[in-house]
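Before any comments, here is the structure.
Note on naming: letters A, B, ... go to the chains in the order of the sequence lines (proteins, then strands), and numbering restarts at 1 for each one.
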Protein chains: 2
Amino acid sequence: MATGRTHRPATRSRGIPEATVARLPLYLRALTALSERSVPTVSSEELAAAAGVNSAKLRKDFSYLGSYGTRGVGYDVEYLVYQISRELGLTQDWPVVIVGIGNLGAALANYGGFASRGFRVAALIDADPTMAGKPVAGIPVQHTDELESIIEDNGVSIGVIATPAGAAQQVCDRLVAAGITSILNFAPTVLSVPDGVDVRKVDLSIELQILAFHEQRKAGEEAAAEGAVPAAAASRKQSSHEGPDGDVPAVMPA
Amino acid sequence: MATGRTHRPATRSRGIPEATVARLPLYLRALTALSERSVPTVSSEELAAAAGVNSAKLRKDFSYLGSYGTRGVGYDVEYLVYQISRELGLTQDWPVVIVGIGNLGAALANYGGFASRGFRVAALIDADPTMAGKPVAGIPVQHTDELESIIEDNGVSIGVIATPAGAAQQVCDRLVAAGITSILNFAPTVLSVPDGVDVRKVDLSIELQILAFHEQRKAGEEAAAEGAVPAAAASRKQSSHEGPDGDVPAVMPA
DNA sequence: TCATGTGAATCGATTCACAGCT
DNA sequence: AGCTGTGAATCGATTCACATGA
């Protein structure tokens with residue numbers, strides 16, 4: 001990721017590994033569910049199962065936060081909810097702006113789990129002047145011209161980009177210039193940002209392509225496992241399309 | 001391997017690291033852009049910059065696919081587009097079903113970059129009977145009852161879950177039972193699936209929480225860096241809310 | 001001469017396995 | 001007796017640095 005990995009004084013005692021940080025929200029979600037069912041304590045084994053990881057990893061992850069468990073017993077659910085929330089910075093609330101109120105932007109604005117956990121949609125911004133004032137998810141859309149003042153006035157530090165690819169870098173530059181230091185990018189573009197600005201991307205198309213890779217590999221293995229039977233290789237999977245080589249590259253390798 | 005491929009030492013397909021697979025779509029996107037501008041060749045340095053990675057990593061990644069470059073020159077753009085497309089399984093088309101046509105599901109159905117690269121929305125499925133027949137993105141929504149027959153009839157192997165969290169596992173189970181072996185999950189739930197089924201998740205809330213973690217850390221460091229100046233620590237960032245400890249856990253550690 | 005391709009070194013994350021505490 | 005917390009071992013991914021070949 002384009003995380004500004006520059007001059008960090010290193011050896012910060014708050015040296016929580018990135019992989020661990022990425023799992024904390026998962027633990028938090030599982031713990032919140034337990035909390036709602038008034039479960040008082042949970043073992044690493046149970047919680048790990050609920051979060052979909054293995055227990056050794058979970059214990060190691062928690063060990064970076066401190067010793068919050070009780071040997072022989074497990075973890076106190078409420079206490080852990082609080083500690084993880086605090087570690088993630090969810091005990092304060094984070095105003096967020098969404099830029100690009102098309103289908104996706106509107107869906108994000110309507111997404112409930114948003115506001116629930118420390119995040120608040122401070123503004124919706126779109127370049128289309130005919131959208132200005134129109135409410136989406138109960139929030140009036142504002143024009144891009146207002147971007148800088150909105151961010152300044154609301155002390156926004158997290159921005160969500162849901163524009164078309166072509167506009168993303170430009171929007172990103174304006175967000176950064178206006179003081180945004182964390183960006184969640186839904187546009188299929190590589191954003192370049194100065195050091196100190198974090199970017200995370202969510203890319204449907206990339207996810208599908210990764211799935212397709214594995215899917216293809218499964219199909220190949222299945223065919224290979226079919227062994228002696230040469231024809232009738234397809235059980236159910238692909239039905240359309242001819243062979244995988246309908247089309248040959250124009251240029252051959254050197 | 002079913003591919004009637006020409007040369008190629010083969011047996012390599014097995015060894016592509018997951019981290020490399022996850023970057024191939026990124027390279028492909030950058031290469032496609034170059035291809036559209038009729039750029040004939042590109043160096044690892046240039047392509048890496050376009051994809052937002054460093055060149056050593058890119059070369060290593062490509063080395064898993066084979067030796068597709070020319071020393072002293074670089075990579076042939078068209079040829080590489082083809083090789084990566086084939087490696088990712090994008091030379092065939094993949095029918096996809098989207099289950100859960102709410103705001104998000106509809107946005108996904110409308111997402112263009114979908115169809116462009118080897119994926120085709122074969123069906124939209126929703127549990128709400130009043131939606132049945134209503135077209136979204138030009139495709140009529142079908143009722144969940146039809147799920148199994150849709151998947152079977154269209155040879156679908158990739159499913160997208162965009163339902164509320166509560167319905168996700170149930171939908172997942174039905175998809176898997178019907179023959180789906182790859183799932184892209186947008187619901188904030190840990191799905192459990194049998195071996196052989198791939199799940200990837202996209203979770204807005206998790207991404208925001210990860211950003212909040214880093215954002216909080218930046219704010220802390222900034223305050224620390226402010227050093228001697230004790231008050232007036234905030235430059236512009238947070239403006240609302242008091243300190244991070246407004247609220248204390250009900251339960252103390254053991 | 002130049003950029004690829006790749007062993008070797010490094011770094012980070014996961015897993016193992018058990019000591020230490022309740 | 002049982003579960004956490006953590007060193008040590010392992011595994012995978014990244015980076016380095018240079019030999020290789022166009």
Side-chain angles (χ1 to χ4, degrees), chain A residues 1-3 5-6 8 10-24 26-27 31 34 39-77 79-80 83-84 87 210 251-254, chain B residues 8-9 12 14-24 26-27 31 34 39-77 79-80 83-84 210 251-254:
Chain A
M1 196 121 307
T3 305
R5 171 69 0 104
T6 19
R8 185 129 295 151
T11 7
R12 200 95 310 244
S13 61
R14 268 288 170 272
I16 302 181
E18 194 52 39
T20 295
V21 172
R23 281 187 295 266
L24 292 180
L26 227 49
Y27 301 144
L31 284 162
L34 291 171
V39 175
T41 63
V42 67
S43 69
S44 63
E45 201 69 56
E46 293 164 326
L47 183 55
V53 304
N54 76 51
S55 65
K57 196 186 296 190
L58 178 142
R59 287 200 304 279
K60 181 67 96 178
D61 284 341
F62 285 179
S63 80
Y64 294 117
L65 309 184
S67 289
Y68 293 152
T70 306
R71 290 168 204 246
V73 177
Y75 300 92
D76 182 283
V77 171
Y79 184 65
L80 206 43
Q83 289 300 341
I84 295 178
E87 200 66 62
I210 295 169
V251 182
M252 287 305 286
Chain B
R8 187 122 106 83
R12 187 56 111 229
R14 223 318 138 35
I16 302 182
E18 194 52 39
T20 294
V21 172
R23 282 187 295 267
L24 292 180
L26 226 51
Y27 301 144
L31 285 162
L34 292 171
V39 176
T41 62
V42 68
S43 69
S44 63
E45 202 69 57
E46 294 165 324
L47 183 54
V53 303
N54 76 51
S55 64
K57 195 186 295 189
L58 178 142
R59 288 199 304 278
K60 181 66 97 181
D61 283 341
F62 285 179
S63 80
Y64 295 116
L65 308 184
S67 289
Y68 292 152
T70 306
R71 291 169 202 246
V73 177
Y75 300 92
D76 181 283
V77 171
Y79 185 64
L80 206 43
Q83 289 300 340
I84 295 178
I210 295 169
V251 183
M252 287 306 285

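The shortest non-hydrogen separation linking B/V42 to B/L47 is CG2-N, 3.7 Å. Among all heavy-atom pairs drawn from B/S44 and B/L58, the shortest one is CB-CD2, 3.7 Å.
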Collect all protein-nucleotide pairs involving nucleotides 18-21 of chain C in which both atoms are nitrogen or oxygen and the distance is under 3.5 Å.
{"residue": "C/dG20", "atom": "N3", "partner": "A/R71", "partner atom": "NH1", "Å": "3.2"}

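A/Y75 comes within 4.0 angstrom of sugar-phosphate atoms only, judged by non-hydrogen atoms across all strands, and of no base.
Applying side-chain contact (heavy atoms from CB on, under 4.5 Å) to B/Y27 and the options B/L80, B/L65, B/D61 leaves one that passes, B/D61.
Using a 4.0 Å cut-off on heavy atoms, the residues of residues 40-48 of chain A that approach DNA chain D are A/S43, A/S44, listed by number.
With a 4.5 Å cut-off on side-chain heavy atoms, A/R23 and A/V53 count as touching.
Residues A/T41 and A/D76 bring no donor and acceptor atom of their side chains to less than 3.5 Å of each other.
Taking the six-membered ring wherever Trp is involved, the centroid distance between the rings of B/F62 and B/Y75 falls below 6.0 Å.
Taking only side-chain atoms of A/K60, from C-beta outward, the nucleotide of C/dT15, D/dT14, C/dT4 with the closest atom is C/dT15. Of the candidates D/dT14, C/dT15, C/dT6, the closest approach to any side-chain atom of A/K57 belongs to C/dT15.
For A/S63, the side chain to side chain contact (heavy atoms under 4.5 Å, CB included) test picks out A/K60, with sequence neighbours left out.
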